Amino acid sequence: MEADGDVKTTATGFHCTLCNVNIPNMSSLEQHIQGRKHKTLSTVRATRKSQEEHSVFVAGIKPHISQTDIAEYFEQFGPVTEVIMDKENGVFAIVHFTGTESIQEALSCVEHRLRDLKLRVKPREKKGFKLIPKKKNDPQNLQQFLDRFKPQLCQLMSVDAQMQYIVERCQLGENEKKARELLVQLLQEVFVEFFPDSQILPFGSSVNTFGIQSCDLDLFLDLDNTKKFQAHAKSTTEQAGQGTSDDSHSEDSILSDIDLSAASPADVLELVATILRRCVPSVHNVQVVSSARLPVAKFHYRKLNLQGDITINNRLAVRNTRFLQLCSGLDDRLRPLVYTIRYWAKQKQLAGNSSGAGPLLNNYALTLLIIFFLQNCDPPVLPTVDQLKDMACEEEECVIEGWDCTFPSQPIAVPPSKNKQGLCTLLASFFSFYAVFDFAGSVISVREGRALPVTDFLGHGDGDAEDAMEEQQPAKTHHKGPKLGPLNLLDPFELTHNVAGNLNERSGRSFQRECQEAEKYCRSMQYQRKSTKGKSWGLVRLFTPDGDASHAKPEQLAISVPFKLASLPRALRDQLQAAGDAFRPLWFQKVCAASLAVFQDVLGCHLVACTDAVFGEEPAGGDADTSAASLNTSASENGDGLQNDSGEAVVGTKRSLSSGSDASSSPQGKRPRLAKKSRADLPTWSFVQRHAVWAGRRKVRRELVKDSDLRQEGSCTELEAQVTARIAEKEAELKEPLEFQVHGQMLGGTETTRAVLRFEEASDKKGVFQDFFHFLEVFLPRMVETLLQKQEATA
Ligand code: UTP
């Protein structure tokens with residue numbers, strides 16, 4: 001890693017001053033520096049610096065002076081690229097030049113006179129670039145809210161009342177709603193001037209009944225009618241011959257500059273941004289983000305202090321907002337649940353990506369998780385989307401971009417739920433539902449109201465899920481499958497979109513862990529009963545970050561290897577798909593073999609003993625040991641067999657771990673069931689390590705890479721093995737060798753599919769072992785993943 005001026009060493013690791021985050025160790029630091037957030041901020045900082053160096057500040061302007069006047073005046077000092085006006089009062093501007101020499105020219109001019117005005121020209125202030133987190137997502141603010149309302153919450157008589165109180169306190173007030181409507185109206189009036197027949201439609205939290213005060217204003221600019229208008233105007237002009245003037249070709253019509261049906265979304269949004277900048281008072285910080293999944297023009301509306309986003313290809317979002325409104329109308333319990341769970345998720349830093357992008361859940365995804373849970377209550381609180389479709393009448397049929405978005409327009413069309421559970425119970429059930437959910441092994445379908453096995457989404461196309469999709473969407477001809485990840489949650493309408501596809505392993509794991517913690521807390525009296533001694537209870541304790549609610553911390557010496565279907569090679573994915581029901585044990589075996597290879601071949605650990613391994617699937621609630629399907633392949637038949645350094649089968653090895661699929665494949669045509677519980681015990685391995693192979697690896701790796709071509713693809717594990725060998729060769733042995741045991745356990749079915757390796761230190765070298773363990777926490781899952789990927793090359 002190159003030296004980075006933003007990184008400071010601290011007592012507990014590192015601190016990145018640019019991103020304002022603490023980083024525990026060197027390998028995380030490397031990842032951080034290569035990560036999107038750090039790179040984006042570095043680029044933004046560089047752009048700002050360059051802008052500062054290429055511009056001057058001009059004061060003394062009066063409102064009658066236009067941008068063009070200023071640009072023309074300053075052209076005498078060199079080419080001007082942009083003039084940014086102070087729209088509010090029109091008294092200052094920032095003038096950008098192409099070259100820095102123009103700045104010197106402008107600054108050295110003794111007097112600047114523009115018409116009757118004397119302008120003051122100054123160099124730009126050099127402001128240090130600092131990341132300012134968005135206020136509304138700042139946990140600090142939530143904490144302030146909680147501190148303020150804690151006494152009131154604690155005085156209420158029930159959790160149900162507390163949840164209702166949260167809604168009342170957080171929801172958008174009538175005045176704010178009205179002010180937003182007026183802004184939408186203003187934008188509509190402005191846009192229709194430039195884009196005839198266009199329509200601006202709000203969606204998201206402003207209108208979906210789950211909005212909080214000062215939430216974003218999401219807008220969809222519908223240009224379909226404008227496109228028709230433009231096409232019609234064009235053909236009329238062509239028919240009438242040259243020289244005919246109409247609206248679309250008049251001098252000041254923006255439509256004469258762009259062909260809407262051919263232009264890219266980014267180009268159209270640039271026009272939208274220009275209109276916002278020039279024509280809408282109180283609009284600031286306009287920016288087009290074209291790299292987003294859906295390009296967007298962002299702006300800040302100062303009068304209401306709110307952030308607005310305009311998209312032009314997001315018709316589905318307007319429809320799914322209608323769906324959320326309908327769900328809200330179907331059952332009164334949904335809103336208090338959504339507000340409470342959103343609040344909890346923000347407090348626990350599980351949701352609310354500060355810059356719009358990031359690895360946390362977005363609010364839409366979180367709301368869908370709640371809806372899915374309510375569909376799965378017994379009896380269900382909400383119907384599935386497929387059921388809603390059947391309740392719609394002909395006029396309500398709706399297909400957008402090929403996706404069936406039909407549902408009734410009014411709640412009256414849907415029979416009320418038979419479920420009569422209170423909010424307190426439902427909230428606790430939400431946590432227990434997701435505390436044991438197999439996120440990695442399933443795909444959540446709000447459309448069908450059930451979890452589908454993730455292997456259903458392995459098509460034979462380009463790593464996508466075409467087959468599964470075509471079955472559900474005959475109207476669609478070709479769609480790529482959803483991006484699979486640690487949490488797979490299908491959009492109810494756009495069935496190829498995983499709305500939680502942005503989550504990473506860590507954020508996915510955190511969500512489940514926090515659900516487990518919350519579930520435990522909800523079983524306690526402090527959750528259910530008001531404290532008679534005036535202590536915190538109910539939601540107040542639930543919301544406390546890392547407070548009383550989190551009793552047990554996850555086990556100290558355990559490393560999880562997540563099931564990441566999407567990153568597995570084609571050959572292995574095919575094997576897993578063919579294994580049907582038994583896909584977990586098969587994957588477990590592969591992980592087991594790969595882990596052993598990392599310990600022995602990559603890290604040079606000596607295997608001194610090994611006990612038996614048992615793999616299997618059992619029906620939920622069954623007994624793992626009796627139903628486990630043991631493997632019969634002998635060590636000698638298996639390349640991955642457990643052998644000691646001299647090639648002999650190691651002590652205690654009764655069966656080895658097969659890497660083939662036959663032992664675990666299920667009868668053809670049998671549909672995988674998610675209710676099965678996968679349990680498998682890996683062998684317990686006893687290892688000895690004589691060298692500090694974790695210390696100074698980076699340096700050794702750099703040296704090795706410098707004088708070899710080992711960096712080439714596929715050589716990562718070989719390189720790491722060489723690093724180990726070099727350390728063993730050059731560095732003295734540890735005074736006392738490390739002896740440790742690794743016990744593997746495979747989980748899945750009723751909790752998220754993963755392999756867990758538990759470590760036990762046998763040689764009483766606590767400090768040294770901790771170092772080794774911390775290194776393994778990052779190194780082992782990464783190497784296992786690499787080895788699993790390499791299987792394809794060797795298959
Ligand atoms: P958000 O996740 O921002 O939800 O998505 P929100 O309720 O508006 O919350 P905040 O207050 O802005 O954070 C906004 C809308 O974008 C659409 C949905 O219509 C959602 O209501 N959306 C979002 C999608 O259609 N797909 C997605 O994957 C995400």
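For ligands, and for the atoms within them, numbers begin at 1 and follow the listed sequence. All of these numbers come straight from a predicted model, not from anything done at the bench. Residue indices begin at 1 and follow the sequence shown.
Each of the following atoms of ligand 1 lies closer than 4.0 Å to a heavy atom of Phe203: 15 (C), 16 (O), 19 (O). Each of the atoms 8 (O), 12 (O), 14 (C) of ligand 1 lies under 4.0 Å from some heavy atom of Asp218. Within ligand 1, the atoms closer than 4.0 Å to a non-hydrogen atom of Ser205 are 6 (P), 7 (O), 8 (O), 9 (O), 10 (P), 11 (O), 12 (O), numbered from 1 in the order shown. Annotation for ligand 1: atoms under 4.0 Å from non-hydrogen atoms of Cys215 are 11 (O). The Ala317 neighbourhood of ligand 1 comprises atoms 17 (C), 19 (O), 25 (O), with distances under 4.0 Å to a heavy atom of that residue. Taking a cut-off of under 4.0 Å to the non-hydrogen atoms of Val499, the atoms of ligand 1 that pass are 28 (O).
Judged purely by distance below 3.5 Å, without hydrogens or angles, the side chains of Arg169 and Gln152 never pair a donor atom with an acceptor atom. There is a side-chain donor-acceptor pair under 3.5 Å between Arg342 and Thr367. Thr321 and Asn208 share no donor-acceptor pair across their side chains, judged by distance under 3.5 Å alone.
The proximity of His497 to ligand 1, defined as any non-hydrogen pair under 4.0 Å, is limited to the side chain. Heavy atoms of Asn208 found under 4.0 angstrom from ligand 1 belong exclusively to the side chain.
Which of Asp309, Val207, Asn363 comes nearest to atom 13 (O) of ligand 1 through a heavy atom is settled by distance: it is Asn363. Between atom 24 (C) of ligand 1 and the options Phe220, Tyr364, Phe493, the minimum heavy-atom separation is to Tyr364. Relative to atom 18 (C) of ligand 1, the option among Asn320, Val338, Asp491 with the closest non-hydrogen atom is Asn320. Looking at Arg342, Lys346, Arg319, it is Arg342 that brings a heavy atom closest to atom 7 (O) of ligand 1.
Among pairs with a residue in residues 488-508, those fulfilling salt bridge (charged side-chain N to carboxylate O under 4.0 Å, His left out) read Arg293-Glu494, at least two apart in sequence or across chains. Residue pairs meeting the side-chain hydrogen bond (donor to acceptor under 3.5 Å, both in side chains) criterion with at least one member in residues 421-434, sequence neighbours excluded, are Asn419-Gln421.
A cation-pi arrangement is found for Arg319 relative to Phe407, the charged atom lying closer than 6.0 Å to the ring centre and inside a 45° cone about the ring normal.
A salt bridge does not link Lys228 to Asp197: none of the charged nitrogens lies less than 4.0 Å from a carboxylate oxygen.
You'll find the side chain of Gln347 reaches within 4.5 Å of the side chain of Tyr343, heavy atoms only.
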